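Structure, as structure tokens:
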Amino acid sequence: FDVVLSRVNWHHPVGTTETMATRCVALGAVGVALGLLWGECTDAAAVAPPTHSVIHIEVTGNDLWGDGTFQNPLATVSGWQARARQGELNGTGLHFGPGIHVVASTLQITTSGTAGAPFVVTGDGVGTSVLSGGVEVTGVVESMTGPGGARVWHSTLPPNTTYFRQLFVQTESGGSFTRRVSARTEVMVYDKSSARDPEHSIVFNEGQVRPSYHNQEDVLATLFHCWTATTHQINSITEANRTLTLLRSPHVDIPRCEHASGKRFLIEDALEELSVGEFYFDRATRELQYLPLGGEVLASASMWVPQIVTVVSVDASDVTVKDLSVYHAAADMSGFFEGDCDGQSATNLRSAAVQVNCSGSTSCHGVSVMDVEVAHTGSIGVAVSGAASNVTLARLVVHDIGAGAVRVGTAALLPPTAIVADVPGLGFAGTINGVTVSDSDLSDGGHVYKMGPGLQLDDCIGCTITHNHIHDFFYTGISTGYGFADGRIQESVLSYNHLHHIGSSSEADGLSDLGCVYTWGGSQTLSVDHNLCYNVSSFSYGGWGFYNDQTTQDVHWTNNVIHSALDSCYHNHEGFNIVVRNNILDGTGFALRSASPTPAPTHWHAAANYSRNIFVTHTSEIFQQTATSEWAGSTFDDNVYFRTDTRPVAFPGNVSLATWQKSGAGTEHGGQDRHSANADPKFKNLDANDYTLDPTSPALHVGFQPIDLTTVGPRPTVP
């Protein structure tokens, strides 16, 4: 019977002219020949697969005979895609059962639902149903042929394996995946940049760079700068003068940021540097080598290599993606190898593991991504771009990612001369509106693009970023706007977000000039309200809490609490029309910093209204500036100032509060802080960061309103 079936209509590959009906008719004919009853299959119309139902995909399903029903599911995304191209199985949604589902090519959702009946892509829950953009490494053997006789796991991968820069190891079945890095050196400090070619070349110290490398075309060099780190292909290595020349230059010449970068660099993807916990993939021979960590046992472990950058892409309206995980998205190196290789906030990167990319002639709307985990990726976690509106990203868990966790919009850098104040009508006409990102946990990013922020809001009208937990990023927590364009962020709100452990002082990872919340460029009509920010650090300078950068306008910072920021709780670098009201700024360093060019043009200066705030420092001054005139465009009143070391507060110009009140810089009315106090605000427990105020606090006397942050961060999920 099996032999007969194997010769009847078996030659039609799925995705050609064969359909489920023709397969059943063929089997019916065989059944008649064998004297068997095939009543279910003799009527082609009766067995036509449903076209308006949820398509089920199970790892135990069958692409050849499955009809996508719960009882007879398909096995793979590829199987569904092939059938859909033939006009079959165009259902109202997809459901993925338990297990890891390999997505060989991007799962593209282009079928729109309706507001009442969206097209739904769902699974059995986070961590249970997993869509993987990678493949499991098979045929792995262990030998003792590693450096110094170390254990090495190796396998020859299939010919169609694309080059990869990440490896994810699962030490036991059903356990979590952990990231392994490619063979590399430690972070080193080079001698100097090349005087002959400062845009492309560095002079390394003796013994740091080898004269040549195996498969040198695949070897990379990563350089640290001020607020970015760039990864480059190597053009040449000249041993005679110890010069390493990059194939493409960074955005600016290398010497510009050497004061902040520490002249740090490393060599990656080099077989000669392979050590324990690292891997090397030889593109020519397709051999993967991995030196396992102590305790890792081949018999119980598995290795996965990412193969596609975007696992899920939505270009349709009224689509919901929920209750599943997305793993193993590949690193998109085009952000480094093409264009502006060191875009701030990783804006040079245009791809994500999950992409809501509305590229059609009409906008897409009503897309929701909820209760989804995105992890173990090489680029951005989730991104919204194109003409999208009314998009909801809720209860996401995004971690172990190559760049930032979430991005809304696409950056478009304009030069500083192209400011709306100078050129009316040049403002950016945003195409994204009504995006909400809420109740999500975004963490552990920047593993490939170190400058990727937790959340990047490039352009959006009427967006809400609320009740998120954002932590453990090498760069900024939330970054809004980009460049000097006006109107990129309009009528948007950042509220009740819990941000901490932003930046790093480590030589291996640290960047500079960053903050919990960073805004850059033009009128933003942005409200930053009821956020908690703490533990901000940096490698060299600029571990700020909140940070307005050049030409930022119309941002209101209200009811926020900031403490334990390395340099200053709030830094205003040439931002104007700024309101800073009713905040608590408890500075490890300074509480306030302001910077402007000299002389300051009308469109390029620092100007803010500071009122009803509590400013606290412990061993540092409250104000920090390059010149007293930095505060000339700002106004102060109804604030409380306090130094816990009992030293008197020095106001700009190194004057007392009384003098500042009488003739403070920059006011036509003769003074600043006319109703403010230099006094202990009487917190319940300042050492424990309990900012509850005593009823007799002088802050209440000047009008300060207590800040309730009990609901900051993700809210409990409603059953």
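Residue numbers run from 1 in the order of the sequence given. Bear in mind the structure is a predicted one, so any value in this text is a computation, not a measurement.
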**OP:** Could you give me the CA-CA distance, side-chain angles and deciding distance for Tyr190 and Glu258, then say whether side chain to side chain donor-acceptor pair (under 3.5 Å) is met?
**Re:** CA-CA 10 Å; Tyr190 61 83; Glu258 287 181 335; 2.8 Å; yes

**OP:** Just do the side chain to side chain donor-acceptor pair (under 3.5 Å) check on Ser540 and His259 with the steps written out, would you?
**Re:** CA-CA 8 Å; Ser540 174; His259 69 286; over 6 Å; no

**OP:** Verify side chain to side chain donor-acceptor pair (under 3.5 Å) between Asp472 and His399, making sure each step is shown before the conclusion.
**Re:** CA-CA 10 Å; Asp472 294 287; His399 62 102; over 6 Å; no

**OP:** Before giving the answer on side-chain contact (heavy atoms from CB on, under 4.5 Å), spell out for Phe281 and Phe164 the whole-Å C-alpha distance, their side-chain angles and the decisive distance to 0.1 Å.
**Re:** CA-CA 8 Å; Phe281 177 56; Phe164 54 91; 3.5 Å; yes

Subject >> Full working for ring pair (Phe, Tyr, Trp, His ring centres under 6.0 Å) between Trp631 and Phe623 >> reply: CA-CA 10 Å; Trp631 307 101; Phe623 294 89; 5.3 Å; yes

**OP:** Let me see the working for Arg184 and Asp269 under salt bridge (Lys or Arg N to Asp or Glu O under 4.0 Å), right down to the final yes or no.
**Re:** CA-CA 6 Å; Arg184 60 188 59 195; Asp269 289 8; 5.2 Å; no

**OP:** Decide side-chain contact (heavy atoms from CB on, under 4.5 Å) for Asp567 and Ser538; before the verdict, give the C-alpha distance in whole Å, the side-chain angles of both, and the deciding distance to 0.1 Å.
**Re:** CA-CA 9 Å; Asp567 290 306; Ser538 63; 3.7 Å; yes

Original post:
Yes or no on side chain to side chain donor-acceptor pair (under 3.5 Å) for Thr243 and Ser194, after CA distance, side-chain angles and deciding distance?
Top reply: CA-CA 8 Å; Thr243 299; Ser194 169; 5.5 Å; no

**OP:** Could you go through the side-chain contact (heavy atoms from CB on, under 4.5 Å) check for Ile470 and Ile478 one step at a time?
**Re:** CA-CA 8 Å; Ile470 303 174; Ile478 300 176; 3.6 Å; yes

Original post:
How far apart are the C-alpha atoms of Asp458 and Arg407, what are their side-chain angles, what is the distance that settles it, and do they pass the side-chain contact (heavy atoms from CB on, under 4.5 Å) test?
Top reply: CA-CA 7 Å; Asp458 281 328; Arg407 175 180 292 172; 3.4 Å; yes

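Of all non-hydrogen atoms in Gln166 and Phe168, the two that sit nearest each other are OE1-CZ, 3.7 Å. Considering all non-hydrogen atoms of both residues, Ile202 and Leu223 come closest at CG2-CD2, 4.0 Å. Nearest heavy atoms, Ser504 versus Asp509: OG-CB, 4.1 Å. Minimum interatomic distance between Ala607 and Gly633 (heavy atoms only, all atoms of both residues): CB-O, 3.3 Å. Scanning all heavy atoms of the two residues, the minimum distance from Ser440 to Asn468 falls at N-OD1, 3.0 Å. The nearest pair of heavy atoms linking Glu273 to Glu278 is O-OE1, 3.3 Å.
The main-chain N or O of Thr410 is never found under 3.5 Å from a side-chain atom of Ser385 such that the two would form a donor-acceptor pair. No donor-acceptor pair under 3.5 Å is formed between the side chain of Ser479 and the backbone N or O of Thr476. Asn497 places a side-chain N or O within 3.5 Å of a backbone atom of Ile465 that can act as its donor or acceptor partner. Looking at Gln208, its side chain never comes within 3.5 Å of a backbone N or O of Phe265 through a donor-acceptor pair. Between the side chain of Lys263 and the backbone N or O of Asp191, at least one donor-acceptor pair lies under 3.5 Å. Put simply, the side chain of Arg264 gets close to the backbone of Ser261: a donor and an acceptor are under 3.5 Å apart. With Thr310 contributing its side chain and Ala353 its backbone, the two residues share no donor-acceptor pair below 3.5 Å. Checking side-chain atoms of Ser594 against main-chain N and O of Gln625 turns up no donor-acceptor pair under 3.5 Å.
A distance of 13.0 Å separates CG in Asn235 from CD in Glu217, rounded to the nearest 0.5 Å. Note: Thr222 OG1 to Lys450 NZ = 8.0 Å, rounded to the nearest 0.5 Å. If you take CH2 on Trp227 and SG on Cys257, they are separated by 5.0 Å, rounding to the nearest 0.5 Å.
Of the candidates Asn583, Ile578, Asn560, Asn613, Tyr570 forms a side chain to side chain contact (heavy atoms under 4.5 Å, CB included) with just one, namely Ile578. With Ser212 as the fixed residue, the side chain to side chain contact (heavy atoms under 4.5 Å, CB included) test singles out one of His214, Arg210, Gln216: Gln216.
Side-chain contact between Val374 and Val382 is present, with heavy atoms from C-beta onward closer than 4.5 Å. Side-chain contact between Leu220 and Ile267 is absent, with no heavy-atom pair separated by less than 4.5 Å. In this structure, Tyr610 and Ser634 have side chains that are in contact, with non-hydrogen atoms separated by less than 4.5 Å. You'll find the side chain of Leu494 reaches within 4.5 Å of the side chain of Leu526, heavy atoms only.
Phe336 and Tyr449 have parallel rings, their planes meeting at less than 30° on a 0 to 90° scale where 60° marks the start of perpendicular. Using cut-offs of 30° and 60° for the angle between ring planes, the Tyr541 and Trp544 rings count as perpendicular.
The closest side-chain donor-acceptor pair between Asp282 and Asn215 falls under 3.5 angstrom. Checking Thr162 against Gln307 by side-chain atom types alone, a donor-acceptor pair falls below 3.5 Å. Between the side chains of Asn531 and Trp557, not a single donor N or O lies within less than 3.5 Å of an accepting N or O. Neither side chain, Tyr280 nor Glu287, offers a donor N or O lying under 3.5 Å from an acceptor on the other.
Aromatic pair Trp153/Tyr290: centroids less than 6.0 angstrom apart. Close placement of the Phe177 and His328 rings is indicated, their centers lying within 6.0 Å of each other. Here Phe651 and Tyr641 bring their ring centres to under 6.0 angstrom of each other. Ring centroids of Phe615 and Phe642 are separated by 6.0 Å or more, keeping the two rings apart. Checked against the 6.0 Å centroid threshold, His200 and His232 do not count as a close aromatic pair.
For Ser505, the side chain to side chain contact (heavy atoms under 4.5 Å, CB included) criterion is met by no residue, not counting sequence neighbours. Residues satisfying the disulfide bond (SG atoms under 2.5 Å apart) test with Cys516, not counting sequence neighbours, are Cys533.
A salt bridge between Glu621 and Arg643 is present, with a side-chain N of the basic residue lying under 4.0 Å from a carboxylate O of the acidic one.
Relative to the ring axis of Phe279, Arg180 does not place its NZ or CZ within 45° and under 6.0 Å from the centre.
Residue pairs meeting the ring pair (Phe, Tyr, Trp, His ring centres under 6.0 Å) criterion with at least one member in residues 500-519, sequence neighbours excluded, are His469-His500, His471-His500, His498-His500, His500-Tyr534, Tyr518-Tyr547.
Around atom CD of Glu186, no more than 12 heavy atoms belonging to other residues, nucleotides or ligands sit under 6.0 Å away. The 12-atom threshold is not exceeded at CG of Asn654, counting heavy atoms of other residues, nucleotides or ligands nearer than 6.0 Å.
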